[in-house]
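Remarks on the structure that follows.
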Amino acid sequence: MYDVAKIRSDFPILSREVNNKPLVYLDNGASAQKPQVVIDAITRSYSHEYANVHRGLHYLSNLATDQYEAVRGKIAKFLGAASEDEIVLNSGTTEGINMVAYGWAMPRFEAGDEIVLSVMEHHANIVPWHFLRERQGVVLKWVDVDASGALDPQAVIDAIGPKTKLVAVTQCSNVLGTVVDVKAITQGAHAKGVPVLVDGSQGAVHMPVNVADIGCDFYAITGHKLYGPSGSGAIYVKSERMAEMQPFLGGGDMIKDVSKNAVTYNDPPMKFEAGTPGIVQTIGFGVALDYLMELGMDNVAAHEAALRDYTIGKLGGLNWLQVQGSTPDKAAIFSFTLDGAGHAHDISTILDKKGIAVRAGHHCAGPLMEHLGVTATTRASFGLYNTTDEVDALVDALELAHDLFG
Ligand code: PLP
């Protein structure tokens, strides 16, 4: 039984007020709030258990190393990876995708080679590929979403030509909520001999994920959206791709030996983890994943699906509000504009006065905004602790905004 009241009590920030109103936190797409167990793990680590990892021989260093390294296994379990050796720990999706761009793609791609992307990618899954376009003459091939915001897997597969070297696609749009059939895309791409990178920043938050079942080559996640600390994250890299990848960052921890004239590298995945990592962030991330696995991602997905359907019904009744993306296969993420109303920033300011936190702007999705023909939207993005009462509070505040601007 999914007890949302009990779950809410696990998140201390949810009981605070903002602008003298109970906080209604609907900015989970940008970053999620943290349960007390994660906050406690951070405090405990810094208060009693902190030291640098891997290099120490003393008690605290061994303790911190064990706790830090245990997270690799938790991530492998959470993502359904065959081995924890396929998990590279990092600071989040942006670092993970840049690592693939610099360490795997740049040494292998030549001028005229192509990367296939969907038009609804986040800048984190666009700008690293622009680097290859600018520096190496790699061509970016864009696949549009349809009028409902859905991405047809076959359209992605059809865009793959003889020069295509990678498909890079999100599993869930941070703007439209659209869920993408990344398994079908991977099967089609692999049939043409092309590896697939999946941006799982939103996908892993809203649904159970199994990378072995998807079959993808790379799957990036970011800890702060998964109810863990900011500055934590990981990327799953299939072992064949790991063997092809060069280190992106050089420094301590990623080497075996360094002399004046030579360097030998540590074994993967350590080869790709240079320098002192986000030790406490990663330990906190592991606790967040324990929390999610205990709740069960199936249960989280079912709760959010009910919230999504309720919200579709409520927002659908506002004939002066346009929700972007109507595909039924979507997470509980709603981007919208209001007829005759001010800029998305003004709407978000009015909602803020009512204690409602939403995001307004381009949501780091420039090509999608261009495709939709809008410069900005207001976005309400739901998480595992949100309630239908909060949807009602959102609708009341939107009616107020419409009255003011309409
Ligand atoms: N990809 C998607 C779909 C996102 O929503 C985000 C964050 O909003 C990112 C990538 C980037 O994540 P981070 O900033 O944690 O690296």
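The analysis underlying the following values was restricted to heavy atoms, covering all of them including side chains, and did not include hydrogens, waters or symmetry mates. In listed order, ligands and their atoms are each counted from 1.
The protein atom (non-hydrogen) at minimum distance from atom 8 (O) of ligand 1 is Lys225 NZ, 2.5 Å. Atom 10 (C) of ligand 1 has Ser201 OG, 3.2 Å as its closest protein atom, hydrogens excluded (heavy atom only). For atom 1 (N) of ligand 1, the closest heavy atom belonging to the protein is Asp199 OD2, 2.5 Å. Among protein heavy atoms, the minimum distance from atom 11 (C) of ligand 1 is reached at His122 CE1, 3.6 Å. Regarding atom 5 (O) of ligand 1, its nearest protein heavy-atom neighbour is Gln202 NE2, 2.8 Å.
Under the ring-ring contact (aromatic ring centres under 6.0 Å, His included) criterion, His130 pairs with no residue at all, not counting sequence neighbours.
Residue Thr93 approaches ligand 1 through these ligand atoms, each under 4.0 Å from one of its heavy atoms: 10 (C), 12 (O), 16 (O). Set against the non-hydrogen atoms of Ala124, the atoms of ligand 1 under 4.0 Å away are 10 (C), 11 (C). Atoms of ligand 1 found under 4.0 Å from any heavy atom of Thr94 (numbered from 1 in listed order, with element): 11 (C), 13 (P), 14 (O), 16 (O). Atoms of ligand 1 found under 4.0 Å from any heavy atom of Asn174 (numbered from 1 in listed order, with element): 5 (O).
Of all the heavy atoms of Thr222, the ones lying under 4.0 Å from any atom of ligand 1 belong exclusively to the side chain. When non-hydrogen atoms are compared, ligand 1 lies under 4.0 Å from the side chain of His224 (C-beta onward) but not from its backbone.
Of the N and O atoms on the side chains of His54 and Glu69, at least one donor lies less than 3.5 Å from an acceptor on the other residue. A donor-acceptor contact closer than 3.5 angstrom links the side chains of Ser201 and Asp199.
Electrostatic pairing of Arg72 and Asp85 does not count as a salt bridge here, judged by no charged N lying under 4.0 Å from a carboxylate O.
Only one option out of Leu197, Thr186, Val237 pairs with Cys216 in a side chain to side chain contact (heavy atoms under 4.5 Å, CB included); it is Thr186.
Lys192 is listed as a side-chain neighbour of Ile157, based on a closest heavy-atom distance under 4.5 Å. The shortest side-chain heavy-atom distance between Ile185 and Leu151 falls under the 4.5 Å cut-off.
Summarising the local packing, CD of Glu134 is surrounded by more than 12 heavy atoms from other residues, nucleotides or ligands at distances under 6.0 Å.
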